[in-house]
Asks: 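Once you've had a glance at the structure underneath, I'll fire off some questions.
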Amino acid sequence: MVVRVGVIGVGMIGEDHVRRLSRVLSGSEVVAVTDVDPARAQEVVGRAPGARLHTSGEDLIGDDDVDGVVVASWGPTHEQFVLACIGAGKPVFCEKPLATSRRSCERIIDAEVAGGRRLVQVGYMRRYDAAYRALKATVVSGSIGAPLMVHCAHRNPSVPPMFTGEMLISDSAVHEMDLSRWLLDEEIVAVRVLEPRRNSRAPERLRDPLLFLFETSGGVLVDVELSANIGYGYDIRCEVVGESGTVSLGDEGELRVVREGVRATRVPRDWRDRFLRAYDVELQAWLDAVAAGGCTGPSAWDGYATAAVADACLEALGTGERCIVTLRERPDLYATAR
Ligand code: NAP
């Protein structure tokens, strides 16, 4: 079956998803596109033969020719489009974050549970990255003993001018929040956010870098360094310390050059460069599940749990205090392993 896909929002990542759905992946056709900027949408439609332009997300979701929807618009619009997809009974792949607050995510969970079946996959693509999967396989194998601590670094060369301090948490650090839950198969129960000396390269309005400390339900401590303007490249690190060994994340396709007394490896330019293949694998998994009439991957529950951690971090920011994360009871719909 060819899944006929509609894409809402064709900014940086939406445009890239149109490209992979049209030209890289199998079993999909982009049949509809919309964006608040009609000129931008028109430009993207021109590169996706057979796609129609819609004037709004709701219009696209209501199109009978659309089997499944990709939501890649700005975060604050996600809730309205995901709820409309659930209302229409259509599978939806929603870029992270699922929504911008835990309350919004709760409304999505309530709607999905009321419908009685999973329709939502959230775009936490690191779970599909070969290097992260190898890391998790090592942890699960028990070969380094029970995990005790995780050290993460999330370094961006720079962020766009519209990037706010809140987005450092709700747009960037959410990757490590989801990742920690997935890697350890435990919820995050408490957080702290510490502020080292400001990077002078950062715009005045940003507290950059930030240092997060997450405590999980099993007592593992996860520290995350988040740097938004480190300049030298996009550098993602993760090391799990177990009772009898450690395992560190490798970079996919890493190249090591040794010459004239120097041992050097390439640093990815940006998130697309580092996770290109992971985006392909995650969207192919979504397409395959939709074609089979099902749903897979990070769920609305995962989107909710991450939003709850992000909300606690926003509360903790600027205080240095420990903030507790509370979750509602997990509905049976989301009972399967993360
Ligand atoms: P972006 O370049 O600003 O693109 C967002 C697009 O959505 C823009 O074209 C925006 O138009 C459009 N839009 C906003 N409201 C809309 C609406 N009501 N209907 C239709 N289109 C609408 O941002 P981006 O970097 O692509 O990010 C989009 C989403 O993907 C964000 O949630 C972001 O967190 C996520 N993302 C995920 C990853 C990942 O690693 N998984 C990476 C990058 C981005 P205007 O610009 O005219 O408002």
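Order of appearance sets the numbers: ligands from 1, and atoms from 1 within every ligand. Only a predicted model underlies this, so the values are computations on that prediction, with no experimental measurement involved. Numbers for residues simply follow the sequence, beginning at 1.
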Asks: Could you establish whether His78 and ligand 1 come within less than 4.0 Å of each other, counting only heavy atoms on the residue side?
Replies: yes
Asks: Can you check which of Ser73, Ala99, Ser170 brings a heavy atom nearest to atom 29 (C) of ligand 1?
Replies: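 Ranked by closest heavy atom to atom 29 (C) of ligand 1, first place is Ser73.
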Asks: Check this for me: does any side-chain nitrogen of one of Asp110 and Arg328 sit under 4.0 Å from a carboxylate oxygen of the other?
Replies: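 Salt bridge present between Asp110 and Arg328.
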Asks: Tell me, which pairs form a side-chain hydrogen bond (donor to acceptor under 3.5 Å, both in side chains) where one or both residues lie in residues 23-45, sequence neighbours left out?
Replies: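 Matches after skipping sequence neighbours: Glu15-Arg40.
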Asks: Considering residues, nucleotides and ligands other than Arg263, do more than 12 of their heavy atoms fall under 6.0 Å from its CZ?
Replies: no
Asks: Is any N or O atom of Ile8, backbone or side chain, closer than 3.5 Å to an N or O atom of ligand 1?
Replies: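 No, Ile8 has no N/O under 3.5 Å of an N/O on ligand 1.
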Asks: What atoms in ligand 1 come closer than 4.0 Å to a heavy atom of His175?
Replies: 39 (C), 40 (O), 41 (N)
Asks: Among all protein non-hydrogen atoms, which one is nearest to atom 15 (N) of ligand 1, and what is the separation to 0.1 Å?
Replies: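 Of every protein heavy atom, Thr77 CG2, 3.6 Å lies nearest to atom 15 (N) of ligand 1.
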Asks: Which is it for Glu243 and Leu148 under the side chain to side chain contact (heavy atoms under 4.5 Å, CB included) test, yes or no, and what are the steps along the way?
Replies: CA-CA 7 Å; Glu243 288 177 317; Leu148 307 172; 3.8 Å; yes
Asks: Does some non-hydrogen atom of the protein lie less than 4.0 angstrom from atom 23 (O) of ligand 1?
Replies: no
Asks: Check this for me: does any side-chain nitrogen of one of Arg155 and Glu225 sit under 4.0 Å from a carboxylate oxygen of the other?
Replies: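 Looking at Glu225 together with Arg155, the answer is yes, because their closest N to O distance falls below 4.0 Å.
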Asks: Could you please spell out the steps behind the side chain to side chain donor-acceptor pair (under 3.5 Å) verdict for Glu58 and Gln80?
Replies: CA-CA 9 Å; Glu58 282 76 8; Gln80 97 190 58; 3.0 Å; yes
Asks: Can a non-hydrogen atom of Ser56 be found less than 4.0 Å from any atom of ligand 1?
Replies: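 The answer is no: ligand 1 sits nowhere under 4.0 Å from a heavy atom of Ser56.
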Asks: I'd like to know whether ligand 1 has Gln80 as a neighbour, heavy-atom separation below 4.0 Å.
Replies: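 The answer is no: ligand 1 sits nowhere under 4.0 Å from a heavy atom of Gln80.
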Asks: Starting from atom 10 (C) of ligand 1, find the nearest protein heavy-atom neighbour and note its residue, name and distance.
Replies: Asp35 OD1, 3.8 Å
Asks: When the side chains of residues 83-93 are checked against the rest of the protein, which donor-acceptor pairs come out under 3.5 Å, sequence neighbours left out?
Replies:
unit_1, atom_1, unit_2, atom_2, d
Lys90, NZ, Ile61, O, 2.9
Lys90, NZ, Asp63, O, 2.7
Lys90, NZ, Val66, O, 2.8

Asks: Heavy-atom count check: over 12 atoms from other residues, nucleotides or ligands less than 6.0 Å from Arg198 CZ?
Replies: yes
Asks: With atoms numbered from 1 as shown, which atoms in ligand 1 lie under 4.0 angstrom from a non-hydrogen atom of Pro97?
Replies: 32 (O), 34 (O)
Asks: Which atoms of ligand 1 sit under 4.0 Å from any heavy atom of Gly9?
Replies: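 By the 4.0 Å cutoff, the relevant atoms are 7 (O), 21 (N).
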Asks: Determine, counting only non-hydrogen atoms of the protein, whether one lies under 4.0 angstrom from atom 46 (O) of ligand 1.
Replies: no
Asks: Nearest to atom 18 (N) of ligand 1 by heavy atom, Tyr279, Trp74, Phe81: which?
Replies: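 Comparing heavy atoms across Tyr279, Trp74, Phe81, the nearest one to atom 18 (N) of ligand 1 lies in Phe81.
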Asks: Could you tell me which atoms of ligand 1, counted from 1 in the order shown, lie closer than 4.0 angstrom to a heavy atom of Asp171?
Replies: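 Once the distances to Asp171 are compared, the set is 33 (C), 34 (O).
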Asks: State whether the side chain of Glu112 and the backbone N or O of Leu119 hold a donor-acceptor pair below 3.5 Å, judged by distance alone.
Replies: yes
Asks: Would Arg127 and Asp178 pass as an ion pair if we require N to O under 4.0 Å?
Replies: yes
Asks: Please write down residue, atom name and distance for the protein heavy atom closest to atom 30 (O) of ligand 1.
Replies: Ile13 CG2, 3.3 Å
Asks: What is the nearest protein non-hydrogen atom to atom 43 (C) of ligand 1, stated with its residue, atom name and distance?
Replies: Trp271 CH2, 3.5 Å
Asks: Counting neighbours of CD on Glu166 that are heavy atoms of other residues, nucleotides or ligands and sit closer than 6.0 Å, is the number greater than 12?
Replies: no
Asks: Looking only at protein heavy atoms, which one is nearest to atom 32 (O) of ligand 1, and what is the separation?
Replies: Lys96 O, 2.9 Å
Asks: Among all the protein's non-hydrogen atoms, which is closest to atom 17 (C) of ligand 1, and how far away is it?
Replies: Val36 CG1, 3.4 Å
Asks: Measure from atom 28 (C) of ligand 1 to every heavy atom in Ala72, Gly14, Gly123 and give the option owning the shortest one.
Replies: Ala72
Asks: Does the plane of the ring in His175 sit parallel, tilted or perpendicular to the ring in His154? Use 30° and 60° as the thresholds.
Replies: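 It falls in the tilted class, 30° to 60°.
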Asks: From the options Glu282, Glu95, Arg40, select the one whose nearest heavy atom is closest to atom 36 (N) of ligand 1.
Replies: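 Shortest heavy-atom distance from atom 36 (N) of ligand 1: Glu95.
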Asks: Would you give the length of the straight line joining atom CG of Leu25 to atom CZ of Arg19, rounded to the nearest 0.5 angstrom?
Replies: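 Separation between the atoms: 8.5 Å.
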Asks: Report the nearest protein non-hydrogen atom to atom 4 (O) of ligand 1: residue, atom name, distance rounded to 0.1 Å.
Replies: Gly11 CA, 3.2 Å
Asks: Identify, for atom 25 (O) of ligand 1, the protein heavy atom at the shortest distance, and state residue, atom and that distance.
Replies: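 Looking at atom 25 (O) of ligand 1, the protein heavy atom closest to it is Met12 CE, 3.3 Å.
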